[in-house]
Amino acid sequence: MSTLPITAQQDIEEDGDTWAWLRYAACADADPELFFPVGESGPAVEQVERAKQVCHACPVESQCLAWALSTERTTGVWGGTDEAERRRLRRRADRRRSPRSRPGRGESRARGPRPNSPS
């Protein structure tokens, strides 16, 4: 991922416009259809990879991904990720935010000594 010139980064940080980062997006001059492939195999896989190449060269890739996650974009390539990758990122973030509802491997639900076991 490339970085923005300092003045461009300052513009984004100081600008109250939520869309300020979009002015610097590499995809702004690309064919929008590239980022919305039809299907999940064959030519669509190649199209997703080409779209990700545009994203990975983009100076605002991280802002784009943050926006896509916060607005729950479920289709297309955003911030260098496809739909499945964003689902995994959201699930991971949800697991970190929510209290554990079930024990993990090797753990039991009980917090104290087990009944009928020596203390």
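Atoms considered below: every heavy atom in the structure, side chains included; atoms not considered: hydrogens, waters and symmetry mates.
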- Kindly say whether Arg73 contributes a backbone atom to a donor-acceptor pair with the side chain of Arg86 at under 3.5 angstrom? yes

- Message: Distance check, rounded to the nearest 0.5 Å: Trp21 atom CH2 versus Ser62 atom OG?
- Response: 10.0 Å

- Measure across Gly39 and Ala44 and return the closest heavy-atom pair with its distance rounded to 0.1 Å. O-CB, 3.4 Å

- Message: Once rounded to the nearest 0.5 Å, what's the spacing between atom CD of Glu61 and atom OG1 of Thr81?
- Response: 8.5 Å

- Within the side chain of Gln47, is there an N or O that forms a donor-acceptor pair under 3.5 Å with the backbone of Glu33? yes

- Heavy-atom side-chain proximity of Glu83 to Thr74 below 4.5 angstrom: no

- Query: In terms of hydrophobic clusters joined by side-chain contacts under 4.5 Å, are Val54 and Phe36 together?
  - Reply: yes

- Message: If I take atom SG from residue Cys58 and atom NE2 from residue His56, how far apart are they, to the nearest 0.5 angstrom?
- Response: 11.0 Å

- Heavy-atom pair with the smallest gap, counting every atom of Leu34 and Ala51: O-CB, 3.7 Å

- Closest approach of Pro59 and Tyr24, non-hydrogen atoms and distance? CG-O, 3.4 Å

- Task: Assess whether side chain to side chain contact (heavy atoms under 4.5 Å, CB included) is satisfied between Leu89 and Leu65, documenting all intermediate values.
- Result: CA-CA 10 Å; Leu89 289 169; Leu65 176 57; 4.3 Å; yes

- Query: Tell me, do Lys52 and Asp82 make a side-chain contact under 4.5 Å, heavy atoms counted?
  - Reply: yes

- Ion pair check, Arg97 and Asp94, cut-off under 4.0 Å: yes

- Message: Determine whether Trp67 and Leu22 satisfy the following criterion, side chain to side chain contact (heavy atoms under 4.5 Å, CB included), listing intermediate values before the conclusion.
- Response: CA-CA 10 Å; Trp67 178 83; Leu22 194 54; over 6 Å; no

